[in-house]
Student: 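Please see the structure below; I have some questions.
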Amino acid sequence: MHLFEAAIDLLSYATYLKCEGKDYKSENLLSLSGVYQPKKEMKDSKIPIALTTFLSANPQIKTIVLHLDNDKVGRLCTATLKELLQKDYKIVDDPPPVGKDFNDFLLSYLKIARPKLKRERSDVR
């Protein structure tokens, strides 16, 4: 199964698979619907409810591919989930190869520039 922080990343990954001619519908894809915040001590952290529910409903799952973000929080979440799940599942860390998340990667893959936000200057002259 493939695990993402947000729905947009899951959808971006599915779009990437489709662009590559792969059947995204045959994959088990799950979004945590936001950032998973582990405890200060990894051993005290719990597995997100969306993931535990999915895994209990799908006992055939043996491998979990973590596609979490390339930022501090995403990397911490990856390390924590690897620690918590490694005794029961094969864990694969597969962050996006380009950008912060899979949506950034998809935009890069499709050669679409991310729009820049215009910021107003507070020191108008």
Side-chain angles (χ1 to χ4, degrees):
M1 72 152 303
H2 299 268
L3 186 67
F4 302 86
E5 282 184 34
I8 189 66
D9 299 318
L10 181 154
L11 293 168
S12 295
Y13 183 76
T15 301
Y16 166 71
L17 291 178
K18 186 172 182 178
C19 289
E20 288 287 302
K22 297 177 181 168
D23 181 16
Y24 69 92
K25 294 176 191 172
S26 69
E27 300 292 335
N28 290 298
L29 306 173
L30 179 69
S31 164
L32 293 177
S33 297
V35 174
Y36 161 64
Q37 185 65 47
K39 302 281 185 189
K40 288 190 188 249
E41 295 289 326
M42 276 190 202
K43 63 180 176 45
D44 296 333
S45 296
K46 294 187 185 219
I47 299 168
I49 190 77
L51 182 56
T52 56
T53 301
F54 186 86
L55 292 172
S56 64
N58 294 280
Q60 76 280 8
I61 301 290
K62 303 294 182 220
T63 302
I64 301 171
V65 182
L66 303 174
H67 298 288
L68 305 182
D69 291 1
N70 275 326
D71 59 13
K72 184 178 178 182
V73 174
R75 298 293 80 217
L76 176 61
C77 294
T78 296
T80 302
L81 289 174
K82 282 171 77 171
E83 180 70 26
L84 295 174
L85 297 166
Q86 67 184 350
K87 68 178 184 195
D88 297 316
Y89 300 93
K90 177 182 176 189
I91 306 299
V92 178
D93 181 14
D94 188 21
V98 173
K100 176 189 157 290
D101 55 30
F102 261 92
N103 187 249
D104 282 350
F105 168 69
L106 178 64
L107 292 175
S108 173
Y109 174 83
L110 296 174
K111 296 179 180 21
I112 298 173
R114 176 166 278 228
K116 303 236 189 247
L117 297 176
K118 292 182 181 179
R119 298 192 181 174
E120 291 185 30
R121 293 182 57 153
S122 59
D123 59 343
V124 178
R125 296 178 191 196

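Source: prediction; values computed, not measured. For this chain, numbers begin at 1 and follow the sequence in order.
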Student: Test your reading of the model: is there a side-chain donor-acceptor pair from N58 to the backbone of Q60, 3.5 Å cut-off?
Tutor: no

Student: Would you confirm whether S108, through its side chain, and D104, through its main-chain N or O, come within 3.5 Å as a donor-acceptor pair?
Tutor: no

Student: Heavy-atom distance under 4.5 Å between the side chains of R75 and N70, does that happen here?
Tutor: yes

Student: Does the pair D9/K100 count as a salt bridge with the N-to-O cut at 4.0 Å?
Tutor: no

Student: Does some side-chain heavy atom of F4 sit less than 4.5 Å from a side-chain heavy atom of L30?
Tutor: no

Student: Supply the atom-to-atom distance S12 OG to F105 CZ, rounded to the nearest 0.5 angstrom.
Tutor: 10.0 Å

Student: To the nearest 0.5 Å, what is the distance between OH (Y89) and CG (L55)?
Tutor: 4.0 Å

Student: Over 60° means perpendicular and under 30° means parallel, so tell me whether Y13 and H2 are parallel, tilted or perpendicular.
Tutor: tilted

Student: Please round to the nearest 0.5 Å and tell me the distance separating atom CG of L85 and atom CG of L51.
Tutor: 6.0 Å

Student: With T78, which of D69, L66, L3, V73 fulfils side chain to side chain contact (heavy atoms under 4.5 Å, CB included)?
Tutor: L66

Student: Are any of the side-chain heavy atoms of T63 and M1 separated by less than 4.5 Å?
Tutor: no

Student: Take K82 and D93 through the test side-chain contact (heavy atoms from CB on, under 4.5 Å) and record every step on the way to the result.
Tutor: CA-CA 8 Å; K82 282 171 77 171; D93 181 14; 4.2 Å; yes

Student: What I'd like to find out is whether the side chain of C19 reaches to under 4.5 Å of the side chain of T15, using heavy atoms alone.
Tutor: yes

Student: What is the distance from atom CG of L32 to atom CG of L81, rounded to the nearest 0.5 Å?
Tutor: 7.0 Å

Student: Which distance, rounded to the nearest 0.5 Å, do you find between the CD1 of I49 and the CZ of F54?
Tutor: 14.0 Å

Student: Please tell me if the side chains of E5 and D101 come closer than 4.5 Å, counting only heavy atoms from C-beta onward.
Tutor: no

Student: Roughly how far, to the nearest 0.5 Å, is the CG atom of L84 from the CD1 atom of I47?
Tutor: 5.5 Å

